[in-house]
Enquirer: 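Have a look at this one.
Only this structure's heavy atoms are used, side chains among them; waters, hydrogens and symmetry mates stay out. Just so it is clear: chains get the letters A, B, ... in the order the sequence lines come, proteins before strands, and each one is counted from 1.
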There are 2 protein chains.
Amino acid sequence: MTVIFSKKCEIGIQAILYLATEGEKELFNAHQIAEKVKQPKEFVSKVLQTLTSSGIVGSKKGKNGGFFLNRSANKVRLIEIVETIDGLDIFNNCVLGFPGCSSEEPCPVHDEWGRLRDEAYKMLSEETLEDLIDITKTKLLTLH
Amino acid sequence: MTVIFSKKCEIGIQAILYLATEGEKELFNAHQIAEKVKQPKEFVSKVLQTLTSSGIVGSKKGKNGGFFLNRSANKVRLIEIVETIDGLDIFNNCVLGFPGCSSEEPCPVHDEWGRLRDEAYKMLSEETLEDLIDITKTKLLTLH
DNA sequence: CTGAAAAAATTATTTATATACTTTTAGAAC
DNA sequence: GTTCTAAAAGTATATAAATAATTTTTTCAG
């Protein structure tokens, strides 16, 4: 089985979506977040630590510490999370695995797949966390 | 770095595309194929063995043996190769990694991503090897 | 029949990701 | 200052994929 985004990236997105539902600067520790998104606490913690370097997430150490959404939900796009964790290789490399695939030297599905790929990139670049809050709230309630 | 299709799948597609450029029932051993697609022989051999079960590829054992495209290029679609090697999970599972994601209980990007996903599936289901032969020939010449 | 070649199967190793656990550092409350 | 908590960093283990090597089986040519 393959996936489009790594497990790390999936967890990162889920955790940040949860923070977005709660509001900017609201503090939650890794344990609380992990419970909401039903993922392992250690992994959530690790991934959110990585995301603090991008400025999307802020953290507070020590007693009463935790993580918080550091920017307004309408200022954060999904692509930033993807880029921080997985990088953008998936949008640049050949889907068939041919090296050096380009418009000049295309693989046989280069144009069509490239179009879908660009649309995917565009979608991730345009959607902000704010756009996704309502459905995320509902979705999180279904997890158990 | 993530990929959409596994390395196995990539190699499978590349190898079969090469066989398609040479014609149905034309016999090539794993070494020859590996040279053309610039991938490790053992891996090419392994993947093609897997594909013989699907009937896309045929094999001949022993001296002067090898692999051949078992069906007419216009009768083989890319999706069959993908399904045999990787399965179709990537088209069914939630891109954000939420379990139980469906129209009834959608994740926040379900509709839009689902549209792209369906288009990707459709593309792979419609393209036959024959459609891809010319560009593949050109592409293979660029590999070194 | 023998030797050679290649698929097919099996085994082994390496690499990367996912998962789990432990220690260190930092900061708040008392 | 002490205690507690949680991020931050580091370490270890498990799993899966990728890669490599070896053995077995099959088949053909001579």
Enquirer: Using atom CD1 of A:Ile33 as one end and atom C1' of D:dA6 as the other, report the distance to the nearest whole Å.
Expert: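 So the CD1-C1' distance, A:Ile33 to D:dA6, works out to 12 Å.
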
Enquirer: Please confirm whether the backbone N or O of A:Phe67 pairs with a side-chain atom of A:Lys60, one donor and one acceptor, at under 3.5 Å?
Expert: no

Enquirer: Specify the residues of residues 4-13 of chain A, ordered by number, for which at least one heavy atom lies under 4.0 angstrom from an atom of DNA chain D.
Expert: none

Enquirer: Report the distance from atom CD of A:Glu42 to atom C1' of D:dG10, rounded to the nearest whole Å.
Expert: 14 Å

Enquirer: Apply salt bridge (charged side-chain N to carboxylate O under 4.0 Å, His left out) to B:Glu119 and A:Arg115, showing your working.
Expert: CA-CA 11 Å; B:Glu119 277 185 53; A:Arg115 189 174 55 79; 3.7 Å; yes

Enquirer: What's the shortest heavy-atom distance between A:Leu48 and A:Ala15, and which atoms?
Expert: CD2-CB, 3.9 Å

Enquirer: Would you please classify the geometry between the B:Tyr121 ring and the B:Phe91 ring as parallel, tilted or perpendicular, with 30° and 60° separating the classes?
Expert: perpendicular

Enquirer: When the axes are fitted on five pairs at both termini, how much does the helix from C:dC1-D:dG30 to C:dC30-D:dG1 curve, in 10° steps?
Expert: 0°

Enquirer: Calculate the interatomic distance between A:Asp89 atom CG and C:dT17 atom P; express it in whole Å.
Expert: 11 Å

Enquirer: Check the distance between D:dA17's P and B:Ile90's CD1 and give it to me in whole angstrom.
Expert: 13 Å

Enquirer: Give me the atom names and distance for the closest heavy-atom approach of A:Leu96 to B:Glu10.
Expert: O-CB, 3.5 Å

Enquirer: Got a sec, which residues hit side chain to side chain donor-acceptor pair (under 3.5 Å) with A:Asn29, two or more places apart in sequence or on another chain?
Expert: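 Side chain to side chain donor-acceptor pair (under 3.5 Å) check on A:Asn29 returns nothing, list empty.
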
Enquirer: Which residues pass the side chain to side chain contact (heavy atoms under 4.5 Å, CB included) test with B:Glu105, not counting sequence neighbours?
Expert: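 Residues passing side chain to side chain contact (heavy atoms under 4.5 Å, CB included) with B:Glu105: A:Lys139, A:Thr142, B:Ser102.
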
Enquirer: Supply the members, apart from B:Leu27, of the Ile/Leu/Val/Met/Phe/Trp/Tyr cluster built from side-chain contacts under 4.5 Å; use none for a lone residue.
Expert: B:Phe68

Enquirer: Do A:Ile16 and A:Ile133 sit in the same hydrophobic cluster, where Ile, Leu, Val, Met, Phe, Trp and Tyr count as joined when their side-chain heavy atoms come under 4.5 Å apart?
Expert: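 No, separate clusters.
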
Enquirer: Report, as a single string ordered 5' to 3', how protein heavy atoms within less than 4.0 Å touch nucleotides 2-11 of chain C: B base, S sugar-phosphate only, - not at all.
Expert: -B-BBSB-BB

Enquirer: Looking at B:Lys75 and B:Glu24, does any basic side-chain N land under 4.0 Å from a carboxylate oxygen?
Expert: no

Enquirer: Give the rounded distance in Å between these two atoms: CZ of B:Phe43 and P of C:dT14.
Expert: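 So the CZ-P distance, B:Phe43 to C:dT14, works out to 17 Å.
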
Enquirer: Charged N to carboxylate O under 4.0 angstrom, B:Lys122 versus B:Glu126?
Expert: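 A salt bridge links B:Lys122 with B:Glu126.
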
